[in-house]
2 protein chains.
Amino acid sequence: MWQLFQFPLCPFSRKVRLVLAEKGVAHELVREYPWARRDEFIDLNPACETPVMVDTETGTSLIGSQPIIEFFEETVDKMPMIHGDAAHRAEIRRLVEWFDEKLFREVVEPIMNERMRKRIVDRAAPDTKMLREAMRIANGHLDYLDYLLDHRRWMAGAGLSLADFTAAAHLSVVDYLGGLDWRGHKQTKDWYSVMKSRPGFRPLLGERMEVIVPPQHYDKVDF
Amino acid sequence: MWQLFQFPLCPFSRKVRLVLAEKGVAHELVREYPWARRDEFIDLNPACETPVMVDTETGTSLIGSQPIIEFFEETVDKMPMIHGDAAHRAEIRRLVEWFDEKLFREVVEPIMNERMRKRIVDRAAPDTKMLREAMRIANGHLDYLDYLLDHRRWMAGAGLSLADFTAAAHLSVVDYLGGLDWRGHKQTKDWYSVMKSRPGFRPLLGERMEVIVPPQHYDKVDF
């Protein structure tokens, strides 16, 4: 049985969970807070970051969202995530990298730091200037997604792909933390509403991270 | 003909160049400084980052080091970079991610900021405290590489892989900027000496970034 080490507001774990659900890979969730720096977890992943997957039968361990997803992409035929010709696959991977690096670094990570980490780990008040700046940048990213969806049915083109699940994973964490203002972003809002209604998304939206309450619209498909 | 938009001290462009050389993919170099924010380059890549590759015949564009490399991995058989079974491929990708994200963020990027960007773009003096801290962390990363190479012939296992070229690309930039102290890191030093002697590495080591002079040992295979 596969075990997935993760915590509810880890965007990279959400990305993996959405893909595992679409591909129908059975797995068990193990809650892991990287900031606790548990020795056994560091032994598994010296970078001490979620997600990590372990096959309890063979001992195989997979570390990091993209290596995990490429592994299941190569071994499970159901619901291809990186599809089409090599150039289209490069476009899917470009957007995945954009969300995992640029969107994460400029928006998701600072908002997680201010609204989750400071509250749970540091017991400090958020820096409102940092928050405002991250939310301003988030708005620019939503503009770019609107632009993509004006020209394409899904993020990377005509077919639903890993680009959509990656974007949805990151945005869902920011949305949980009240960091998104959806006004003026009809295209992305409509797309996100469709993503939210996928069966694999529902369990995620029902979970809560202790003490942190999401806004009312967070788990609603129509919002 | 493929064009590669890059600049000499971009670690991600170096990673791509090493792979293109090993695979024998003909290409032309176009020098691009992302900080100049050239309009035509932003049209190519809205993230305004190197590397970008463009096929001048078909107009196909590939953006970002990992999407570019996966593209050529899928279309060129020579010198497989992500090889072995799915679990081994996950281990190669884990290390690539480690170097591209963790090593880059903690070591390569701050040293590039202090020793290259501030000199060329901001015309400011480096922050010696930031530099010292990045070099301290670099030392810890070299310890981890020593540990890997104590247990394995190459970074990810028995075969030379993308993990080795990625590590070498990042370390070569830090080494150019005088950020590595090789003392006490015999395993990694020996491995790097072998990497440096690969034909694809030589042109890189011969290039200079204007006004910034590397240390004497930088381009020597025996150092």
Side-chain angles (χ1 to χ4, degrees), chain A residues 2 12 16 42 44-49 51-55 58-76 82-106 109 140-141 143-145 147-148 156 162-163, chain B residues 2 12 16 42 44-49 51-55 58-76 82-106 109 140-141 143-145 147-148 156 162-163:
Chain A
W2 284 104
F12 299 100
V16 167
I42 296 176
L44 264 178
N45 179 11
C48 195
E49 285 167 0
V52 172
M53 284 189 83
V54 175
D55 181 341
T58 62
T60 299
S61 66
L62 308 173
I63 295 166
S65 71
Q66 203 54 26
I68 290 173
I69 286 165
E70 301 269 2
F71 177 94
F72 289 106
E73 187 70 1
E74 290 172 0
T75 55
V76 179
I82 307 170
H83 46 65
D85 63 17
H88 185 65
R89 293 160 66 86
E91 174 63 0
I92 294 172
R93 287 196 172 97
R94 169 183 83 91
L95 287 168
V96 169
E97 235 182 65
W98 175 294
F99 301 132
D100 280 349
E101 290 174 25
K102 215 168 163 62
L103 180 69
F104 175 70
R105 226 169 141 161
E106 295 179 353
E109 190 178 39
H141 279 282
D143 284 341
Y144 182 58
L145 300 191
Y147 162 83
L148 287 178
L162 183 59
Chain B
W2 285 105
F12 299 100
V16 167
I42 295 177
L44 265 179
N45 179 11
C48 196
E49 284 167 1
V52 171
M53 284 189 83
V54 175
D55 181 341
T58 63
T60 299
S61 67
L62 307 173
I63 295 167
S65 72
Q66 202 55 23
I68 290 172
I69 286 165
E70 300 268 3
F71 177 94
F72 289 106
E73 186 70 359
E74 290 172 1
T75 55
V76 178
I82 306 170
H83 46 65
D85 64 16
H88 185 65
R89 293 160 66 86
E91 173 64 0
I92 294 172
R93 287 198 173 96
R94 168 182 84 90
L95 287 168
V96 169
E97 236 182 65
W98 175 295
F99 302 132
D100 279 350
E101 291 174 25
K102 214 167 163 62
L103 180 68
F104 176 70
R105 229 170 137 161
E106 295 179 353
E109 190 177 40
H141 280 283
D143 284 342
Y144 182 58
L145 299 191
Y147 162 83
L148 287 177
L162 184 59

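All values derive from a computational prediction rather than experimental measurement. Naming: A, B, ... by sequence-line order, numbering from 1 per chain.
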### Query
Between atom CD of A/Gln66 and atom CD of B/Gln66, what is the distance when rounded to the nearest 0.5 Å?
8.5 Å

### Distance-minimising heavy-atom pair for B/Trp98 and A/Pro46
CZ3-C, 3.9 Å

### Query
Atom CG of B/Leu62 and atom CZ of A/Arg94: how far apart are they, to the nearest 0.5 Å?
11.0 Å

#### Entry: Contact class of B/Glu49 relative to chain A, heavy atoms under 4.5 angstrom
side chain

### Query
B/Ala90 and A/Pro67: which non-hydrogen atoms are nearest, and at how many Å?
O-CB, 3.7 Å

### Task
Check whether B/Phe72 gets within reach of chain A through its side chain, its backbone, both or neither, counting any heavy atom under 4.5 Å.
neither

### Message
Quick one, A/Glu70 and B/Glu70 - any side-chain contact, counting heavy atoms below 4.5 Å?
### Response
yes

### Query
Under a 4.0 Å N-O cut-off, is there an ion pair linking B/Glu73 with A/Arg93?
no

### Task
Go through the atoms of B/Glu74 and report whether side chain, backbone, both or neither lie under 4.5 Å from a heavy atom of chain A.
side chain

### Task
Pick one of side chain, backbone, both or neither for B/Arg89, based on which atoms fall under 4.5 Å of a heavy atom in chain A.
side chain

### Summary
Applying a strict 4.5 Å limit to non-hydrogen atoms, the region of B/Tyr147 in contact with chain A is neither

### Message
So for A/Glu97, is it side chain, backbone, both, or neither that comes closer than 4.5 Å to the heavy atoms of chain B?
### Response
side chain

### Task
Under 4.5 Å, counting heavy-atom pairs only, tell me which of A/Gly64, A/Ser61, A/Ala86 racks up the most with chain B.
A/Ala86

